[in-house]
Amino acid sequence: MNEIILYAVISLGAIGVIAAIILFFVAQKFKVIEDPRIDEVEEVLPAANCGGCGFAGCRNFAEEIVKAENMEGFNCPVGGADLMTDIGQALGLEADLKDPEIAVLRCNGSCEHSPQKVQYDGVKSCFVANALFSGEGGCAYGCLGCGDCVEACDFDAMYMDEQTGLPVVKDNCNACGACVKACPRNILELRPRGKKDRRIFVACMNEEKAIPAKANCSVTCTACRKCEKVCKFDAIKIENFLAYIDPHKCTLCRKCAPECETNTIWEVNFRPRKERPAVKEQTVPDKIAEKPDSANPLTKKDEKSDTAVKDASSESKGEAKTDKQV
Amino acid sequence: MTLKTFKLGGIHPPEHKISAGKAIELMPIPTQVSIPLGQVLGVPSIPIVKRGDQVQVGQLIGKGEAFISAQVHSSVSGKVLKVDGVPDSSGYRRNAVLIEVEGDDWTDGIDRSTELNRNIRELTQSDIIEKIKSSGIVGLGGATFPSHVKLMVPKGKVAEVLLINGVECEPYLTSDHRLMLERGEELLVGCQILMKGLGVDRAIIGIENNKMDAIDHLASLIADYPGISIQALKVQYPQGGEKQLIKACINREVPSGKLPIEVGAVVNNVGTAFAVYEAVQKNKPLIERIVTVAGKSLMESANFQVRIGTPISQLIEKVGGLPEDTGKVISGGPMMGKALNSLEVPVVKGTSGILIMNAKEAKRSRAVNCIRCGKCTAVCPMGLEPFYLAQLAKYEDYSGCEKNRIMDCIECGSCMYTCPSYRPLLDYIRLGKTQVGKLMRSRQN
Amino acid sequence: MSGNILTVSPSPHMHGNQNVPKIMWGVIYAMIPALLVSIYFFGLEALRVTLIAVAACVLFEFLIQKYLIKGMTTIGDGSAIITGILIAFNVPSDLPWWIVIIGSLVAIGMGKMSFGGLGKNPFNPALVGRVFLLISFPVQMTSWPVVNPLFSGKLVDASTGPTPLAIMKEGLANGETVTALKTQIPEYMDLLMGNMGGSLGEVSAIALFLGALFMLFRKIISWHIPVSYIASVIIFSGILWLINPEQYVDPLFHLITGGLMLGVFFMATDMVTSPMAGKGQIIFGLGCGVLTILIRVFGAYPEGVSFAILIMNAFVPLINRGFKPVRFGEKINI
């Protein structure tokens, strides 16, 4: 009996030793010499593998950036400027810094603004719905509300607002661009976050003329050109019956928003206006007050966006409070 | 007569051919029509009229210049209100010509008599193709592929037989049935013209045996038309599919991704054959078609001869108006038709029927787990695995979709019809097809 | 025009009359003849076991869906009832109630719900339950009560006896011949009717066949699996029988004894755990048949249907991958 155990132990031990020796030589022979900096860079990357940088995951990004001679075109939107500076220092390169961005929803065709004309009864996928018809509200450019973008978001930075039927981008958006790609109608856009998280943009994508567009939605851009005229910085352009605010030219002067008759221009994270034109007295304050992040003006701030605001700078926190009081 | 059918898959939905006994009625000319310029499976036509122009019935208003495109003619006489984007059946704006009707002036040269003209001896092949092209004839079965392109056999291929599709396998629809009964002779002449245009001496008209009266009627006429035979087919959906019809009639299978000409067959709808007759013998372009209006909740059902561009709401008005509990209005049949966004969209060349469903019929039941019963696989007429394709498409494995031949899918809807779990199989398969199509195109470029 | 909102959805706009509850209830109806026969032969004990198993399965499914998965409850579709009846059909009629309940818990909890519920389980839940019980409680699971038909006047106190298959297996292992052993088992006509020892639902081949005809008529099952299963049993056992009729039993004996008919018609044909396409189903049936005979003739257990089906269940994904349906246009015939 003891002999058997002995033989078993010895033979298994011998196999183990031989295998270890083989493994050692094989490992030596097939050793891949890799730039150790790849691991270093990968270490500091967020490891979200979101693809926001345009590469196939964080490892791939690290491999490419180590190979590259300058950091132009390399940007990890999730890590942001701090991370890119760190990597730049580690690699001895000048970081190609970009302004932090956030996804914004350029549509406000909620149930109230764009009343339901038909009912969609198919798979809950924007892609399928887009191929089938123009949308429950009738607008062929607006949000379909099936939540492909929310599905695509890896960072839990979006949710569907039940009341409006529109997706909401939370403040923890990393601008990876997954939602932008997922949207069949290109409603989502990556825009610079702006100073103190303040941004102004046109929440509409409708390229129809004013009359047919207004038939479907009360907050559509009618291409009336008032905002274009009032802008002193040449930041607003109207093309295909649709206004677009160039975020790089916009100085956040807030002249355009009161001009807009359909309330299509959104101001996010600003202080409420003190002097208001008499006509706008009711609409404008509401609009600004209830828009802490790029949420819909109709929604009350829910828990999630509250925390999101708290994460932001202390100043914007104060603003959020004043926003609420109005 | 032996009944033939296709072997693989197939379903038997209830027929509901409630309007089969209703003779074709002439629909009054509406006060305004909107004629879309993109009524063809291909490149939309280019408008050649502008706002304020006076047009006559049969006048060319849209030119199809691309190879796969078709001419568009005015179906009424009157003044062009505008040429602009008008919401089509899916709600997207497409270019259309809006015409306000004034009187009923036809362009010269159109023979409006109902007299039968059987003389086709002087016609040459190129004459026929040219005439079909200039008359804007497209496949009237619903696919709206330009008919003249079908007649131009590509080099290296030989057309052996012309198949005329009188199957009408979709439930409810009866427009082809009525056409065969009431315009039988014209249809057969049209069939002969198509044979001549194609250069074949054999034609088979495939008709399902739920239309015995049509089979008998045409069979009594074909003695005068050499080369044409009638094939009775066992009722089975989707027999009206091009590939299924070829399989059923001449027992040949069109290979994956190929056109019917690969096996020497060209398929045309009976409606197309009739339109060809009118175009060649009567010089009348395609400005009218026969449309079935049916539905269980409707007061009465009907078959109308309608000018292209008539708003669908007028057709419904004619049969007693939209019932209170309407849930869905479908252009086409219940299996492959398109649910309409609004009733103000016009009848187009591809509209074979208007179907009204009540709210209860219209509602899809909630999907539950797939129980892997394999019924979708058993009924698929193309031998695909719908459950698997839908799953692959849902989880975005598009190359997997392609390998499993998603592009072979003819979107007949048999899988979804049988699915005991009410799964939206075809929705996902369509999504997959679109994406695979994109993949394939990007590979070509 | 009325003011109601039109519905827009992709085609098709029609649906057939088949749905999951209809299919499941169809299977339940198909099992009624076999249940009646078992009540006739084994008395109300059979009904007791069946009711306990069904109630336990439905209850466990409900509890798991409600409190563990927290999804919608689907007990209304009848699939838990089928599992319950099948478990009962697969156990002796005098099984203690607590073993039945354990079997139901394993079947529903482990065999079905742990994978996500109906449609996602790779193995037939009832068989998982049965095999679990067979391995855990071998004594109780293989002591078959002697048949005691209702109204027969005999008053036998719960005595037990072996199944024909067990007699055959044991005898052949002891070197006896088939002819000698046949005298110890009932006539073939009795076997066909169900007058033999065994699990409560498997005894009557005729009643099971009636149920199968009903399912075929309602298009709940297709012919592929039953036909290929039975054919492969006949062919494989027939070859053995031809080699040596004194060592191997004839195919008919294999067909009408044990749980083969129950397995062929009700468990191998389970939609969830069988292949999708016709070709694959035939392969599946062939494999089941060969494995059944292999286990019965050469294995340790006298009965091999449950193991055979479970083993083939494991191959289903592979079969689905390997055997695609005949594609249209694959063979060009001009």
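Predicted model only: the values in this text are computed from it and were never measured.
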Subject >> Structural part of P171(B) lying under 4.5 Å from a heavy atom of chain C >> reply: side chain

**OP:** Could you check if a side-chain atom of M14(C) sits within less than 4.5 angstrom of a side-chain atom of H16(B), using non-hydrogen atoms only?
**Re:** yes

Original post:
Between atom NZ of K324(C) and atom NZ of K403(B), what is the distance when rounded to the nearest 0.5 Å?
Top reply: 10.5 Å

**OP:** Look at atom NZ of K120(C) and say whether more than 12 heavy atoms of other residues, nucleotides or ligands are closer to it than 6.0 Å.
**Re:** no

Original post:
How many angstroms lie between atom CG of D270(C) and atom CD1 of I371(B), to the nearest 0.5 angstrom?
Top reply: 9.0 Å

Subject >> F387(B) portion near chain C, given a 4.5 angstrom heavy-atom threshold >> reply: side chain

**OP:** Please determine, among V329(B), N404(B), T418(B), the option with the most heavy-atom pairs under 4.5 Å with chain C.
**Re:** N404(B)

Subject >> Option in K7(B), K363(B), M357(B), H12(B) with maximal non-hydrogen atom pairs under 4.5 Å from chain C >> reply: M357(B)

**OP:** Against chain C, work out which of G374(B), A359(B), P334(B), G413(B) has the most heavy-atom pairs shorter than 4.5 Å and name it.
**Re:** P334(B)

Original post:
Any side-chain heavy atom of H15(C) within less than 4.5 Å of one from S365(B)?
Top reply: no

**OP:** Ignoring hydrogens and angles, tell me if any N or O in the side chain of T7(C) forms a donor-acceptor pair with the backbone of G327(B) under 3.5 Å.
**Re:** yes

Original post:
Taking everything shown except F115(C) itself, do over 12 heavy atoms lie less than 6.0 Å from its CZ?
Top reply: yes

Subject >> Max heavy-atom pair count under 4.5 Å with chain C, selected residue of I316(B), V254(B), D408(B), V368(B) >> reply: V254(B)

Subject >> Pairs of heavy atoms under 4.5 Å with chain C: top-ranked of G337(B), S256(B), S90(B), P14(B) >> reply: G337(B)

Subject >> Side-chain heavy atoms of K22(C) within contact of P420(B), under 4.5 Å >> reply: no

Original post:
Is a side-chain donor or acceptor of K375(B) paired with a backbone partner of K219(C) at a separation under 3.5 angstrom?
Top reply: yes

Original post:
Relative to chain C, which segment of L340(B) carries a heavy atom at a distance below 4.5 Å: side chain, backbone, both, or neither?
Top reply: backbone

**OP:** Check the surroundings of atom CZ in F209(C): do more than 12 heavy atoms from other residues, nucleotides or ligands lie under 6.0 Å from it?
**Re:** no

Subject >> chain C contact via R366(B) - which portion, at a heavy-atom distance below 4.5 Å >> reply: side chain

Subject >> Under 4.5 Å from any heavy atom of chain B - which part of D77(C) >> reply: neither

**OP:** Name the region of I220(C), side chain, backbone, both or neither, that has any atom closer than 4.5 Å to a heavy atom of chain B.
**Re:** backbone

Original post:
Relative to chain B, which of G278(C), S9(C), A277(C) shows the most heavy atom pairs under 4.5 Å?
Top reply: S9(C)

**OP:** Name the region of S421(B), side chain, backbone, both or neither, that has any atom closer than 4.5 Å to a heavy atom of chain C.
**Re:** both

Original post:
Just wondering, do N341(B) and L6(C) contact through their side chains at under 4.5 Å, heavy atoms?
Top reply: no

Original post:
Around atom OH of Y92(B), are there more than 12 heavy atoms of other residues, nucleotides or ligands at under 6.0 Å?
Top reply: yes

Original post:
Between CD of Q18(C) and SG of C373(B), what distance do you get to the nearest 0.5 Å?
Top reply: 8.0 Å

Original post:
So which of P12(C), P21(C), G280(C), G119(C) has the biggest tally of heavy-atom pairs under 4.5 Å with chain B?
Top reply: P12(C)

Subject >> Atom group of L384(B) that falls short of 4.5 Å from chain C, counting heavy atoms >> reply: both

Original post:
Relative to chain C, which segment of M416(B) carries a heavy atom at a distance below 4.5 Å: side chain, backbone, both, or neither?
Top reply: both

Original post:
Quick one: does S11(C)'s side chain get under 4.5 Å of R430(B)'s, heavy atoms only?
Top reply: yes

Original post:
So which of E385(B), R364(B), R372(B) has the biggest tally of heavy-atom pairs under 4.5 Å with chain C?
Top reply: R372(B)

**OP:** Supply the atom-to-atom distance R405(B) CZ to R327(C) CZ, rounded to the nearest 0.5 angstrom.
**Re:** 6.0 Å

Original post:
Can you say whether K328(B) sits under 4.5 Å from chain C via the side chain, the backbone, both, or neither, judging by heavy atoms?
Top reply: both

Original post:
In terms of heavy-atom proximity below 4.5 Å to chain B, should I23(C) be classed as side chain, backbone, both, or neither?
Top reply: side chain

Original post:
Are any of the side-chain heavy atoms of F328(C) and Q244(B) separated by less than 4.5 Å?
Top reply: yes

